[in-house]
Structures are given as C-alpha cells and as structure tokens.
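Notes follow once the structure below has been shown.
Naming convention: chains lettered A, B, ... in sequence-line order (proteins, then strands); numbering from 1 in each chain. It should be emphasised that the depicted structure is a prediction, and the values quoted were computed from it without experimental measurement.
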Protein chains: 2
Amino acid sequence: MKNVVTAKDVAKLAGVSQSSVSRVYFEGANVSEKTRKKVLAAAEELGYRPNEFARSLITNRTKIIGLVMKGVQNPFYPQVLQQFTASFKKWGYSVLFVHTNNDEIQKEDIETLLNYNVAGVVITDATMALSAAEAFRSNEIPLVLFNRKLKTGEFYTVCCNNLSASRQIAEYLIGKGGGDMVYIAGNENTSTSREREAGFRETLERNQVAYRKYASDFTYEGGYATTLKVLEGKKVPSAFFAANDIMALGALDALRQHSIRVPEDTKIIGFDNIDMASWPAYELTTWEQPIEKMVEETVNYLLSEIDEYSGLIKTVEVDGSLIERKTT
Amino acid sequence: MKNVVTAKDVAKLAGVSQSSVSRVYFEGANVSEKTRKKVLAAAEELGYRPNEFARSLITNRTKIIGLVMKGVQNPFYPQVLQQFTASFKKWGYSVLFVHTNNDEIQKEDIETLLNYNVAGVVITDATMALSAAEAFRSNEIPLVLFNRKLKTGEFYTVCCNNLSASRQIAEYLIGKGGGDMVYIAGNENTSTSREREAGFRETLERNQVAYRKYASDFTYEGGYATTLKVLEGKKVPSAFFAANDIMALGALDALRQHSIRVPEDTKIIGFDNIDMASWPAYELTTWEQPIEKMVEETVNYLLSEIDEYSGLIKTVEVDGSLIERKTT
DNA sequence: CTGAAAGCGCTTACAG
DNA sequence: CTGAAAGCGCTTACAG
C-alpha cells in the first residue's frame with residue numbers, strides 16, 4: 001500500500017515519458033520548461049515523491065551522513081549533534097545517528113553505516129579500529145574524526161587547537177599567581193585529554209610551577225570524586241584545570257562541599273564552554289570550543305569529498321578562546 | 001567503485017544461484033545447511049554485504065526509524081535519544097535523526113521521513129500539523145508522540161501520567177505546610193505543561209491553597225528570569241513547582257541570588273529527574289519520568305505496527321515517582 | 001529536448 | 001531445497 005505513486009503514473013498523467021519525469025527530479029538534467037510544468041502539475045496532483053531507494057540503487061549515492069557519538073551525557077555533544085544536523089540539512093543530507101556505548105565503535109555499527117552506503121561519516125567522541133577505517137576508505141566513503149585525533153596521518157581530523165589552548169590556560173593561571181596546579185584528566189585514551197595535559201604541563205614546568213595530574217573520566221561524577229581525592233592531601237592546590245567543563249563543575253561542587261572558596265582559596269578552569277558554565281551557580285572560567293567553525297570545516301570537507309573523492313588527509317585545528325568568569 | 005561485491009559474485013564463487021545467496025540473507029527463507037555454508041564462506045571471502053537499498057526497493061520496507069526532536073538543550077532529550085537508539089538497535093533498526101527548530105515539524109522534515117520510507121516515526125518535543133500526520137497514516141507508517149499529547153484520539157501517545165503526578169506533587173507540598181504556591185509553566189502549547197498545571201492547580205484549589213501561575217518556556221534561562229519576576233512581588237511564595245527540572249534549576253539559582261534559603265524560606269520541586277537534579281549544587285526534589293519504560297512502550301508499539309499495521313490509537317500513561325532531595 | 005530500453009542489486013512467486 | 005525469470009522504481013547512455 002505504501003508510496004504507490006511512481007514516476008510511471010506521473011508520466012501517464014502528464015503525457016510524457018518516464019524518463020522525462022525522472023529528469024525533472026534530477027538536477028542538472030535537460031528538460032524544457034513546458035515538460036517540467038506538466039510533470040510538476042501531475043506530480044502535485046498525485047502526490048508523487050521520487051523513491052530514494054531506487055535512486056540510490058542506481059546512482060550508488062545517498063544523502064545520508066552517519067554520525068557516531070558516545071557521550072550524549074556531556075551537553076557538549078548534543079550541541080554538536082544539533083549543529084551537524086542543521087548544517088547537513090541545508091545541503092539536503094540527513095543524519096543517521098549511531099550511538100556507541102563502548103569507546104571503540106563496534107563492528108555492527110560500522111556495518112550499519114556501510115549497509116546504508118552513507119555518503120560520509122563523522123565520528124565524534126569514539127575511536128575506531130584501523131581495519132574499520134579501511135572499510136570506509138575502500139568504499140571511498142569520506143570520514144572525519146571530530147574532536148579526537150587517532151593515529152596522525154591516517155584520518156582527516158577536525159578539532160580545537162588543544163595544545164595552544166592549554167598553554168594559554170597555563171599562562172593565564174600562572175598570571176593569577178600561586179605555585180602548584182592540578183590537572184584533572186579525561187579518559188586517558190583520548191587525544192583531547194592528552195594534548196590538553198601536554199600543553200598545560202609543559203608550560204608549568206617551563207615556569208617552574210609544581211604540577212600534579214589526577215586521572216578522571218570526563219564526567220561530572222568523575223570530576224567530583226577526583227577533586228575529593230585531591231583534597232585528601234593536606235594542601236589545596238592553587239589552581240585546577242579540568243579537561244572539560246562537566247568535570248570542572250563536579251570539581252567546583254566538591255570544593256564547595258569542603259568549604260574551599262573559589263576563586264579566593266583556589267581557582268578552577270574548564271574546557272568547552274557548555275551552557276552550564278555560564279549558569280549563576282557556577283560562573284565557570286573556561287575555554288570556548290568554536291563548535292560552529294569546527295562543524296563548518298567538517299561539513300565542507302565531507303561535501304567536497306562526496307563531490308569528488310580524493311582521500312585527502314589532514315588535521316584541521318580551530319582556535320578557541322578564553323572565557324573569563326568568576327572561578328579564576 | 002563502491003560496494004562492488006554483489007550477490008551475483010557470491011553466487012558464482014559459491015557455485016549456487018543468486019536466489020540461494022539471497023535466501024541465506026533473508027530470514028525465514030528455506031536454505032539447506034550445505035548451501036548456507038558455501039554461501040557464507042564465499043561471502044566472507046569477498047566481503048559481501050547485501051545492499052539495503054535494493055532490498056528496500058523490492059520489499060518496500062526499511063529498517064530506519066525517524067526520530068524527531070527539538071530541545072536537545074534540555075538534557076532530558078539526549079537521554080531519550082540515547083535510549084531509543086539503543087533499544088531500536090537491538091531489533092536491527094537504525095535511527096534517522098531529525099532536528100526541528102520550530103515547535104511544529106516543518107514540511108521538509110516530513111518529506112525527508114517519507115522519502116526514506118521510514119518504518120516508523122517517533123516525535124518527541126515537537127508538534128505536527130494534522131495534514132502531516134495524514135501523510136504518515138496514508139502510507140501506513142506508524143507514529144508515536146512521545147511525551148506530548150496532541151489532539152486526543154488522533155495519535156498513539158506515550159507519556160508520563162502528568163495529571164496524577166502533579167496532584168501528588170501538590171499534596172506533597174501542602175503536607176510540607178505553607179499557604180501560597182507558584183507554578184512555573186513551560187511552553188503553553190504543550191500538553192505536558194498544561195497537564196502538570198491542571199493537576200497542581202486543581203489540588204491546591206480543592207485544599208484552598210493560594211495559586212499563582214507564571215508563564216515560562218522550559219529553559220534554564222526562562223526559569224531563572226521568571227523566578228526573578230516572581231520575586232518582584234513583595235511576598236516570597238511558600239513553594240514553587242516548575243514544569244521541568246531545567247527551569248527548576250534556573251529558579252533555584254535565582255532564589256539564591258536573592259539569598260532566599262531553600263528549603264527554609266521557600267521550597268521547590270521540578271519534573272523529569274535529569275542527571276543534574278542530583279548534583280550537590282542543586283539536590284533538587286523532583287518527579288522522575290520513567291524514560292526506560294516509556295521508550296519500551298513506544299518501541300513495542302512501533303514494532304508490532306511494523307509487523308502488521310493496524311492504525312491503533314491509544315494514550316499510554318506511565319507512572320513516575322517522587323524523588324525527594326533537599327529543596328523541599 | 002525527448003523516448004525506448006537497459007540495468008542497478010535485490011526478493012519472490014513459480015516450476016521442478 | 002533450488003534455479004530461472006520477472007520486477008521493484010528509478011537513472012542514464014543512446015538514438016532521434
């Protein structure tokens with residue numbers, strides 16, 4: 001019963017061939033204005049819509065982008081999802097949403113993406129086996145790692161300039177005075193956490209500021225628990241740098257529970273600039289990730305690769321900026 | 001170059017007909033174990049995957065569910081998205097994510113859903129013109145409104161038992177003492193806000209407790225600003241009921257800014273039980289929406305309608321429960 | 001600019 | 001249980 005109206009029906013009503021109907025719906029094809037009008041009128045009358053599947057079958061192209069995401073709990077990512085969806089929509093692409101619980105994308109998810117012959121893939125906060133990447137490459141499906149670097153030189157990557165950002169963060173905190181600082185790391189297997197650590201640590205060491213690192217996991221609960229652990233030592237550090245905002249908020253709440261005043265007794269800075277960072281309960285100083293710009297870079301690359309596949313590999317780093325609020 | 005391996009190639013290598021290859025991948029079809037093994041071996045060797053588009057073209061069925069969402073800013077919805085994706089994945093369905101900025105789903109989004117011939121549709125916090133619904137109905141595409149009621153009797157709806165919940169909330173607050181209460185409403189055109197208001201108001205009036213309603217919009221900023229407006233009056237109400245958690249958090253921050261103690265000077269209760277409600281900075285008393293159960297109800301209905309379309313219309317209301325924390 | 005025809009990669013009666 | 005063949009709804013050379 002479904003979708004009963006076909007190009008053939010429209011052709012009959014319009015008094016043209018099925019090929020002409022097809023041409024009306026295929027941009028770039030040659031059709032006279034007269035034919036176009038007849039076809040569109042007939043299509044309107046019958047409620048015709050071209051069948052995407054027949055179309056994809058023959059063109060071997062789809063208008064679907066696969067978007068892979070893990071941490072929807074972190075408000076940063078829903079925002080990313082929204083912006084990608086909006087941006088792709090402008091170009092006529094729809095988003096197939098793939099959620100992965102594991103750090104690494106599972107085989108079944110890759111298969112789904114391949115089965116739907118997606119035009120392109122965006123991977124946000126998940127990793128991928130190189131063999132999986134090979135499957136996309138051999139099918140000439142362009143792929144972008146968003147906000148994560150894997151093996152350099154293997155993927156097109158778009159992310160924030162974490163190294164330079166964390167150096168600036170270190171300098172900023174040093175400027176605020178105080179002699180020992182704590183880095184609250186995110187998951188150790190992410191480039192974002194490692195790079196933010198590297199820039200921060202290196203700058204502190206160069207300035208002979210004491211540095212401690214505590215492992216955590218990019219969640220609010222993690223930031224909270226980790227900060228409690230930091231406070232077990234007798235000395236409160238002069239400043240905290242949390243690898244993302246949601247951990248910074250947890251850290252802030254942990255500090256408050258111990259009646260440690262921020263920014264008087266210690267300072268804290270996050271990363272991302274999620275909505276909550278600006279809430280009056282937090283007023284968190286942070287580093288803004290330019291999501292819009294990052295999304296734009298990603299979409300532009302994918303569209304150009306869809307247009308003509310080159311397999312270009314590059315790492316694009318977009319600069320963010322310091323957002324100063326009341327925790328420093 | 002893409003997806004070059006077809007059933008024909010596999011058939012040749014396996015020494016069987018293309019029909020047999022097809023049968024191996026079509027569950028329920030009759031194939032001998034011997035044939036199956038030969039085919040799977042050949043498929044493995046060639047890296048064969050059935051083409052979903054060819055399949056959909058002929059069966060007129062897809063394994064795609066359209067999920068329409070508006071407010072990804074409210075952490076409640078990413079959670080909903082995640083649970084739907086996980087749940088559908090178990091049944092072999094993928095999620096086409098449609099984000100709408102407007103309250104009402106736009107025509108182009110409906111077209112996308114129809115073009116991809118989705119097997120079913122879930123609409124969360126958005127509304128839809130009846131004419132759009134008609135398009136789904138006439139194509140026998142099952143549809144569920146999740147957490148929103150539109151015209152009763154027109155849609156299959158799954159939501160929380162808002163009326164009973166808000167009555168219990170009112171009784172709970174009355175039990176805590178105090179004589180005048182404020183309802184912070186969400187968007188006026190949503191059933192969730194209206195129903196929560198109705199149950200709350202009705203119970204207060206029956207108990208002769210003064211009631212005031214303030215319009216707001218389901219956002220943190222809205223809850224914050226609206227509460228400031230409430231406080232412009234000289235008298236601080238004895239309690240606030242915010243139509244969702246994110247507004248309640250905004251309200252709480254506004255109260256703090258005015259140094260009004262919670263729960264001593266006034267009380268506040270939200271709705272949803274989002275992650276943040278349990279954060280130490282808030283410890284918000286709220287009503288938990290049983291997302292898991294609601295998702296399950298939705299998925300079960302859709303699967304049964306996909307299996308055999310009946311057009312069944314019903315409103316399923318799932319009970320939630322009070323989560324008592326420190327704001328009451 | 002237009003139509004007739006081949007073909008995309010599958011599923012599914014049909015006959016054996 | 002299996003194979004040959006028709007056909008799903010399109011696009012796209014090809015010829016006119």
Stems involving DNA chain C, each a run of at least 3 consecutive Watson-Crick or G-U pairs under 3.5 Å = C:1-3 with D:14-16, C:5-12 with D:5-12, C:14-16 with D:1-3
Is [X] near enough to [N] that one of its side-chain N or O atoms lies under 4.0 angstrom from OP1 or OP2?
X     : N     : value
A:Y25 : D:dG9 : no
B:S20 : D:dG3 : yes
B:S17 : D:dG3 : yes

So which protein nitrogen or oxygen atoms get under 3.5 Å of nucleotides 13-16 of chain D's nitrogens or oxygens?
residue : atom : partner : partner atom : Å
D:dA13  : N6   : A:R23   : NH2          : 3.1

Taking every heavy atom of A:S87 against every heavy atom of A:V299, the minimum-distance pair comes out as OG-CG2, 3.5 Å
Nearest heavy-atom pair of A:A126 and A:I123: which atoms, and what distance?
-> O-CG2, 3.5 Å
Choose from C:dC10, C:dC1, D:dC1 the nucleotide whose nearest atom is closest to any side-chain atom of B:N30.
-> D:dC1
Closest of D:dC10, C:dG9, C:dC1 to the A:N51 side chain is D:dC10
Can A:E33 and A:R36 be counted as an ion pair, charged N to O under 4.0 angstrom?
-> yes
Parallel, tilted or perpendicular for A:Y156 and A:Y301, by the 30°/60° rule?
-> parallel
Using a heavy-atom cut-off of under 4.0 Å over every strand shown, decide if [X] touches base, sugar-phosphate, or nothing.
X     : value
B:S32 : sugar-phosphate
A:V21 : nothing
B:T59 : sugar-phosphate
A:E52 : nothing

Return the 5'-most residue of the pair B:L57, B:R36 with respect to DNA chain D, ranking by each residue's nearest nucleotide.
-> B:R36
Positive for side chain to side chain contact (heavy atoms under 4.5 Å, CB included) with A:V68, one of A:T124, A:L113, A:L143 = A:L113
